[in-house]
Visitor: 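My structure is below; once you've seen it, I'll send some questions.
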Protein chains: 2
Amino acid sequence: MKMSSGVEWALHSCVTLSQVREPLPAARLAELHGTPPAYLAKQLQALSRAGIVSSTAGSVGGYTLTRPASEITALSVVQAVDGDAPAYRCTEIRQRGPLGVALESCARPCAIARAMAAAQEAWSGFLAQITIADLAAGIDADSGGTAMADVRRWLTTA
Amino acid sequence: MKMSSGVEWALHSCVTLSQVREPLPAARLAELHGTPPAYLAKQLQALSRAGIVSSTAGSVGGYTLTRPASEITALSVVQAVDGDAPAYRCTEIRQRGPLGVALESCARPCAIARAMAAAQEAWSGFLAQITIADLAAGIDADSGGTAMADVRRWLTTA
DNA sequence: GCCTCATTACTCGGATACCGAGTGTCCGAGTCGCTCCGG
DNA sequence: CCGGAGCGACTCGGACACTCGGTATCCGAGTAATGAGGC
């Protein structure tokens, strides 16, 4: 089970975007995070399609959060980049083989699929309670309260 | 985020193995589940390496559970087949770019990695409380109490 | 002085190569059961 | 009749191709700021 590496960049980018009000170009975000600009842009496009960020074209365009950071959950960002399909996909092997049960007898998912779905629910439920604002606060606290201020300064000056 | 499709076969195979005491060849399990025999064998080898099943060579050989089904968690099966690496891999992008923090300042994982790790913990903790015996009981209950008996009958006669 | 418009530079967005992991398969090494032979 | 050795068939295990999604990149379409020109 492997998550797309773009998820990490998307989360960090959302945290960064939460620190400024003006639009930020993808190239600027890539420079700050030291990531390939073109590929980071791909992730930002996914966030745009999901309605998490809005894009502005033109001279001083870029990406902006559509909502306050406290209203954007980590789950929505992960699902926007990595897809919302569950990790475990039941292929209904209970219907195959010599003892396969008939389709009409499969009113609800089999017990294994139910268990895996419940585990996924525990995972997504946890991420749904974490917001971008929480993550930003956590990063700031780790740095002693200087990280977010440094980011704001760098974004506005450089 | 996508899990290996072999996980489903491995879980079903463990449930099936829990119904008999004698060794079951991979080919028999593949026939019962309608899966490619060679590929299912690959998953069973992974279970063998993890110590979940024991393999017996020779004429009436096959695979057997090493422990009672009630002592085998779904998590261990999933990790045996799919690997125990966490889905989210922090590449420490906080150390990169113009505002990268020094390595010695990174005593503990960054807030984002901590959140993702905690979510994974919720997921694995859930699966750790589910055993193969629970799954077998669930499948049996769905069928009205006939499924496991049918499996035992088919395995011993055919 | 102010409005309008063409220019220009900058942005996003989708379409396009490349690569590694997962998927699927095969054949060889090893082992157990069976049979035959000798005592 | 019993024990042991040889044989055969069956099993697992790792090594070998193939495909698809993820990774990385580029260039074209579109847009907003900007400056010049005219009223």
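Computed over heavy atoms, backbone and side chain alike; hydrogens, waters and symmetry mates excluded. Reminder, nothing fancy here: chain letters follow the sequence lines and each chain counts from 1.
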Visitor: More 5' along DNA chain D: A:Q43 or B:A41, using each one's nearest nucleotide?
Guide: B:A41
Visitor: Mind calculating the distance between CZ (A:R89) and P (D:dG21) to the nearest angstrom?
Guide: 10 Å
Visitor: Taking only N and O in the side chain of A:S4, is any of them less than 4.0 Å away from OP1 or OP2 of D:dT23?
Guide: yes
Visitor: Looking at B:T56, does any N or O in its side chain come under 4.0 Å of the phosphate oxygens OP1/OP2 on C:dC32?
Guide: no
Visitor: If you compare every side-chain N and O of B:R49 against the phosphate oxygens of D:dG13 (OP1, OP2), does one of them come in below 4.0 Å?
Guide: no
Visitor: Can you find a side chain N or O atom of A:R28 that sits less than 4.0 Å from OP1 or OP2 on C:dT11?
Guide: no
Visitor: Is any side-chain N or O of A:S55 closer than 4.0 Å to OP1 or OP2 of C:dT11?
Guide: no
Visitor: If the threshold is 4.0 Å, N to carboxylate O, is there a salt bridge linking A:R108 and B:D142?
Guide: yes
Visitor: Out of the candidates B:T157, B:T156, B:D150, only one should pair with B:R153 under the side chain to side chain donor-acceptor pair (under 3.5 Å) rule; please name it.
Guide: B:D150
Visitor: For B:Y88 and D:dG22, what is the distance between atoms OH and P respectively, to the nearest whole Å?
Guide: 17 Å
Visitor: Base, sugar-phosphate, or nothing: which does B:G62 touch, judged by heavy atoms less than 4.0 Å apart?
Guide: sugar-phosphate
Visitor: Among C:dC12, D:dC26, C:dT25, which nucleotide has an atom closest to any side-chain atom of B:P36?
Guide: C:dT25
Visitor: Quick check for you: among D:dC12, C:dG14, C:dC12, whose closest atom lies nearest to any side-chain atom of B:Y63?
Guide: D:dC12
Visitor: Taking the six-membered ring for Trp, are the ring centroids of B:Y39 and B:W9 within less than 6.0 Å of each other?
Guide: yes
Visitor: State which of C:dT11, D:dT11, C:dT25 makes the closest approach to the side chain of B:A57.
Guide: D:dT11
Visitor: Nearest whole Å is fine: how far is C:dT11 C1' from A:L29 CG?
Guide: 13 Å
Visitor: Identify whether B:V15 and B:M3 are in the same connected component of the hydrophobic contact network (ILVMFWY, side-chain heavy atoms under 4.5 Å).
Guide: yes
Visitor: What is the distance from CD of A:Q45 to P of D:dT23, rounded to the nearest Å?
Guide: 15 Å
Visitor: Without decimals, in angstroms, what is the distance between B:K42 NZ and D:dA17 P?
Guide: 14 Å
Visitor: Mind calculating the distance between CE (B:M3) and P (D:dG21) to the nearest angstrom?
Guide: 18 Å
Visitor: Reading DNA chain C from 5' onward, which residue's closest nucleotide shows up sooner: A:S59 or A:L44?
Guide: A:S59
Visitor: Between the side chains of B:H33 and B:T16, does any donor sit under 3.5 Å from an acceptor?
Guide: yes
Visitor: State whether A:S5 places a side-chain N or O below 4.0 Å from either non-bridging phosphate oxygen (OP1 or OP2) of D:dG22.
Guide: no
Visitor: Taking the side chain of B:S48 as its heavy atoms from C-beta onward, which of D:dG13, D:dC12, D:dA33 lies nearest to it?
Guide: D:dG13
Visitor: Rounded to whole Å, please give me the gap between CG in B:L24 and P in D:dC10.
Guide: 17 Å
Visitor: Quick check: do A:L44 and A:Y63 have side-chain heavy atoms less than 4.5 Å from each other?
Guide: yes
Visitor: Measure from CE on B:M1 to P on D:dG21 and round the result to the nearest Å.
Guide: 17 Å
Visitor: Less than 4.0 angstrom between a side-chain N/O of A:Y39 and OP1 or OP2 of D:dT25, yes or no?
Guide: no
